[in-house]
Colleague: 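I have a structure here, written as structure tokens, and I will follow up with some questions on it.
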2 protein chains.
Amino acid sequence: MTVKSKREIILDSAEIRMRTVGYNGFSTREIANLVGIKAASVHYHFPSKADLGVAVTQRYCTRFFEALGEPSHSPAPIKHFATLFHNALINDKKLCLCLILGAETSSLPETMNQETNHFFKHNLEWLEEALISSQSLSEQQAKEKAAVILASFEGALLLSNSLSNPALFDSITAYFTEQ
Amino acid sequence: MTVKSKREIILDSAEIRMRTVGYNGFSTREIANLVGIKAASVHYHFPSKADLGVAVTQRYCTRFFEALGEPSHSPAPIKHFATLFHNALINDKKLCLCLILGAETSSLPETMNQETNHFFKHNLEWLEEALISSQSLSEQQAKEKAAVILASFEGALLLSNSLSNPALFDSITAYFTEQ
DNA sequence: GTCTATAATTTGATAGAC
DNA sequence: GTCTATCAAATTATAGAC
């Protein structure tokens with residue numbers, strides 16, 4: 001295993017905090033304490049808080065898209081999609097970053113909003129393609145159902161996390177995967 | 001029309017900000033400026049920011065539940081439920097307060113989390129009752145579908161708001177109301 | 001009820017030594 | 001790259017005059 005750069009360690013801590021309390025809920029000093037350095041050193045790696053927020057968001061999206069892969073490579077694509085969200089909630093015990101950023105959208109650096117929008121759009125297209133090939137829906141039907149699924153899964157994360165009820169997430173996603 | 005008390009005017013401004021940038025995104029000074037008074041005067045009405053946040057959340061939930069009424073009083077309850085969320089997005093041009101608070105949950109005063117949880121639970125029960133009587137589902141089926149609907153609607157608000165696409169909200173909710 | 005004044009703390013950020 | 005020191009601004013909150 002390659003040794004992590006300090007930059008990556010900072011990104012790790014910042015992602016944890018952003019997915020827990022949002023962009024407006026954490027400070028660079030807090031990240032510094034978590035990493036074991038001083039705030040000034042965080043600013044060496046990321047000149048501004050916005051730079052850090054953007055880097056976290058870009059890394060999050062890149063990793064999610066990598067884990068997602070191509071819809072055609074999965075025998076049960078909707079289930080695969082649900083599993084990624086399930087892992088965020090159960091393994092990471094965190095929300096989807098773009099759920100929190102979407103809720104905070106009016107107070108974020110514009111680049112972060114663009115990343116968040118790209119996250120949603122890419123997932124909608126992925127789901128649409130998956131639905132067309134796996135459930136032989138029309139393009140229009142697939143587009144509509146893709147939005148229903150993405151909305152449901154993000155909402156399922158929200159409800160399950162708020163109510164501290166992980167099983168609720170699986171119950172909701174099962175509605176779309178058990179067909 | 002009764003004249004609004006200063007307390008209510010403060011609550012109005014605070015609700016707008018909380019539904020736009022969240023609890024961690026606004027300051028008492030900002031509310032004071034919006035209302036046209038000084039920050040110290042806001043603290044006269046609400047000793048702490050948490051007191052203000054709690055009051056906003058309680059008023060929001062009370063009003064929502066009043067507008068919701070009883071499921072048995074509506075000929076098309078799911079559509080009625082969708083309309084309330086639609087109005088939040090289209091008329092208020094805002095998210096559901098509990099969507100933002102649910103995303104910020106780890107950094108909120110405990111009373112606000114309790115209110116948010118109550119909001120979700122009350123709506124789940126309302127939807128369950130509506131589904132049992134209007135779609136003659138079993139209690140178990142109704143409970144599961146109620147969670148799917150609430151998650152979808154909250155997620156639909158998130159996606160529509162982020163992507164600046166109000167029509168997307170109606171398209172998603174139509175999946176559950178046009179049956 | 002609202003104001004001025006102010007306190008205590010936090011925050012984002014920079015300069016410059018090592 | 002990391003530190004100390006420091007800054008300017010913002011934030012929550014209180015005391016006390018009017």
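In what follows, chains carry the letters A, B, and so on, assigned in the order in which the sequence lines appear, proteins first and then strands, with residues in each chain numbered from 1.
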Colleague: Nearest-Å distance, CD1 (B/I31) to C1' (D/dA13)?
Modeller: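 Checked: the CD1 to C1' distance equals 16 Å.
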Colleague: Provide, to the nearest angstrom, the distance between the CZ atom belonging to B/R29 and the C1' atom belonging to C/dT4.
Modeller: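 Spelled out: CZ on B/R29 to C1' on C/dT4 is 12 Å.
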Colleague: Sequence neighbours excluded, which residues qualify as side-chain contact (heavy atoms from CB on, under 4.5 Å) partners of A/S138?
Modeller: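 Residues passing side-chain contact (heavy atoms from CB on, under 4.5 Å) with A/S138: A/Q140, A/Q141.
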Colleague: Quick one: pull up CG in A/L158 and CZ in A/F153 and give me the separation to the nearest 0.5 Å.
Modeller: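 Between atom CG of A/L158 and atom CZ of A/F153 there are 15.0 Å.
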Colleague: Could you identify which residues of residues 34-44 of chain A place a heavy atom less than 4.0 Å from some atom of DNA chain C, listed by residue number, or say none?
Modeller: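 Close to the strand are A/A40, A/H43.
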Colleague: Looking at A/Y23, does the NZ or CZ of A/K49 lie under 6.0 angstrom from its six-membered ring centre and within 45 degrees of the ring axis?
Modeller: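 Yes.
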Colleague: For DNA chain D, which residues in residues 48-60 of chain A have a heavy atom at a distance below 4.0 Å?
Modeller: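 The stretch gives none, as no residue of it lies under 4.0 Å from the strand.
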Colleague: Tell me whether A/S162 contacts the main-chain N or O of A/L159 through its side chain, where contact means a donor paired with an acceptor under 3.5 Å.
Modeller: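 No: the side chain of A/S162 does not pair with the backbone of A/L159.
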Colleague: Parallel, tilted or perpendicular, judged at 30° and 60°: which one describes the rings of B/H86 and B/F169?
Modeller: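 B/H86 and B/F169: tilted rings.
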Colleague: In residues 3-26 of chain A, which ones come under 4.0 Å of DNA chain D, going by heavy atoms?
Modeller: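 Those residues whose heavy atoms fall under 4.0 Å from DNA chain D, taken from residues 3-26 of chain A in numerical order, are A/K6.
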Colleague: Measure the distance from NE2 on A/H45 to P on C/dG12 and round it to the nearest whole Å.
Modeller: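 Spelled out: NE2 on A/H45 to P on C/dG12 is 17 Å.
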Colleague: Tell me, yes or no, whether the heavy-atom count around B/E139 atom CD, taken from other residues, nucleotides or ligands under 6.0 Å, exceeds 12.
Modeller: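 Count not over threshold, so no.
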Colleague: What residues form a side-chain contact (heavy atoms from CB on, under 4.5 Å) with A/S106, not counting sequence neighbours?
Modeller: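 Partners of A/S106 by the side-chain contact (heavy atoms from CB on, under 4.5 Å) criterion, ordered by chain and then number, come out as B/T20, B/V21.
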Colleague: Return the set of residues passing side-chain contact (heavy atoms from CB on, under 4.5 Å) with A/Q114 (not counting sequence neighbours), or none when no residue passes.
Modeller: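 Only A/E110 meet the side-chain contact (heavy atoms from CB on, under 4.5 Å) criterion with A/Q114.
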Colleague: How are the rings of A/F65 and A/H118 set relative to one another: parallel (under 30°), tilted (30 to 60°) or perpendicular (over 60°)?
Modeller: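 Aromatic pair A/F65/A/H118 classed perpendicular.
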Colleague: Would you say A/T28 reaches C/dG12's phosphate, i.e. side-chain N/O to OP1/OP2 under 4.0 Å?
Modeller: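 For C/dG12, OP1 or OP2 has a side-chain N or O of A/T28 closer than 4.0 Å.
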Colleague: About how many Å separate OG1 of A/T28 and NE2 of A/H45, when rounded to the nearest 0.5 Å?
Modeller: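 Reported to 0.5 Å precision, the distance equals 13.0 Å.
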Colleague: Does B/S27 put a side-chain nitrogen or oxygen below 4.0 Å from OP1 or OP2 of D/dA10?
Modeller: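 For D/dA10, neither OP1 nor OP2 has a side-chain N or O of B/S27 closer than 4.0 Å.
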Colleague: Indicate whether any N or O donor in one side chain lies under 3.5 Å from an N or O acceptor in the other, for B/N24 and B/S107.
Modeller: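 The criterion, which ignores hydrogens and geometry beyond distance, is satisfied for B/S107 and B/N24.
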